Amino acid sequence: MSSLVPPHGGRLLPLLISGDARHRALSEAKTLPRISLSSREVSDLIMLAMGAFSPLEGFMGKGDYQRVVKEMRLTNDLLWPVPITLSASKEEADRIKEGERIVLVNSGGDEVMASMLVQEKYSYDKRAEALQVFGTDDEQHPGVKKIYEQGEVYLGGTVEVFSEGGYSERFPEFAQPAETRAIFTDKGWTTIAAFQTRNPMHRSHEYLTKIALEVCDGLFIHPIVGKLKSGDVPAEVRMECYKVLLDNYYPEDRVVLKVYPMEMRYAGPREAVLHAIIRQNFGCSHLIVGRDHAGVGNYYGPFDAQRIFDELSPGDLHIQPLKVDSTFWCRKCDSMASAKTCPHADEDRLLISGTKLREMLTKGERPPEQFSRKEVVDILVKYYQSDAGSPQ
Ligand SMILES: [Zn+2]
């Protein structure tokens, strides 16, 4: 018997098919109408394939979509904060009948990724979705921009997925919820704190995760490796940073590092809830939720992503947020600290903004060791001084 938290909705529902079923479905697929997926839709499809979006069985139909946008709930009342949708242009949608099976190909169009039974076609209001889910209709917001760019019809229906998009070849740390649950159970862990990250980890992140490690059986470092916005550090470079940090500064038997393929939507509070549901599916009891979790620019207040958890009903989630404030090195405390523990002023604190840090690293300047471990800085300086890391 597992002593881990249950999956969201009660059971894991991976939608990847294999063996004979996959062969049969792939040969049927040859003659079916095709829809090309955006990179975000590909990443959502792989999340469905893995069971990371359990208990969803495909892209949302109109009932679920409308209720999720307005009330953060599926039609069966289960908490779900962000629509998981498949868009098509009007012309594409006109060629497909409800009740028909179609094939989903990746954005390059060279890989058949899944088949889908189209149960519903429906139009939707892009601006209303943006306002409700992102709290803004500003097209400068990277998540909102993607909604404005997509087709004007949504296709809802169940999917059978044939491919995980090459993630397991690209990342040896790619793991499905069923796999991490088995790892945690093997280790005898009950309480596991997940750390969501899309950045290299500096001392402040190390400190956050170690606060969690003081009170939980294990730590699950779980970087997002789907496409990010421009200016973010690529996943392969970040993986090097995580590994060198874990190798040198964490007890080996208390940390698990795995990746997942979602794309950031930067939906702030609502995305924080999605991150929690996903980590519950992976078997975690806690999610570290810091300042401006899953935010971008100035669209959300620093603690909005923590507060949203207070508005949920008891029983909505089995995972709990570990709410932490921003952390930093304080010269007067002479240690890592947070706004909750340090009484000193900003000028005593070692604070370097993301923009400033990028500028320093691009020039080959090293931030102080109290800000970032030397092993991590070595990797970042090398990246920012390479062609790949130079600003466009
Ligand atoms: Zn202090």
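Quantities reported herein were computed from a predicted structural model and do not represent experimental measurements. Indexing begins at 1, ligand by ligand and atom by atom, following the structure's order.
Ring pair W80/H8 is tilted by interplanar angle, where 30° to 60° counts as tilted. Ring-plane geometry between Y124 and Y154 is classed as parallel, the angle between the planes falling under 30 degrees on a 0 to 90 degree scale with a further cut at 60.
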Could you walk me through whether R291 and D325 satisfy the salt bridge (charged side-chain N to carboxylate O under 4.0 Å, His left out) test, starting with their C-alpha distance in whole Å, then the side-chain angles of each, then the deciding distance to 0.1 Å, before giving a yes or no?
CA-CA 6 Å; R291 230 179 143 87; D325 207 330; 3.0 Å; yes
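Using a distance-only test at 3.5 Å, with no hydrogens or angles considered, a donor-acceptor pair links the side chain of E41 to the main chain of S38.
Remark: L37 CG to I35 CD1 distance equals 8.5 Å, nearest 0.5 Å.
Evaluation of the ring-ring contact (aromatic ring centres under 6.0 Å, His included) test over residues 345-379, restricted to residues two or more places apart or in two chains, returns H202-F371.
Excluding waters, the count of protein N/O/S atoms less than 2.8 Å from the Zn ion (ligand 1) comes to 4.
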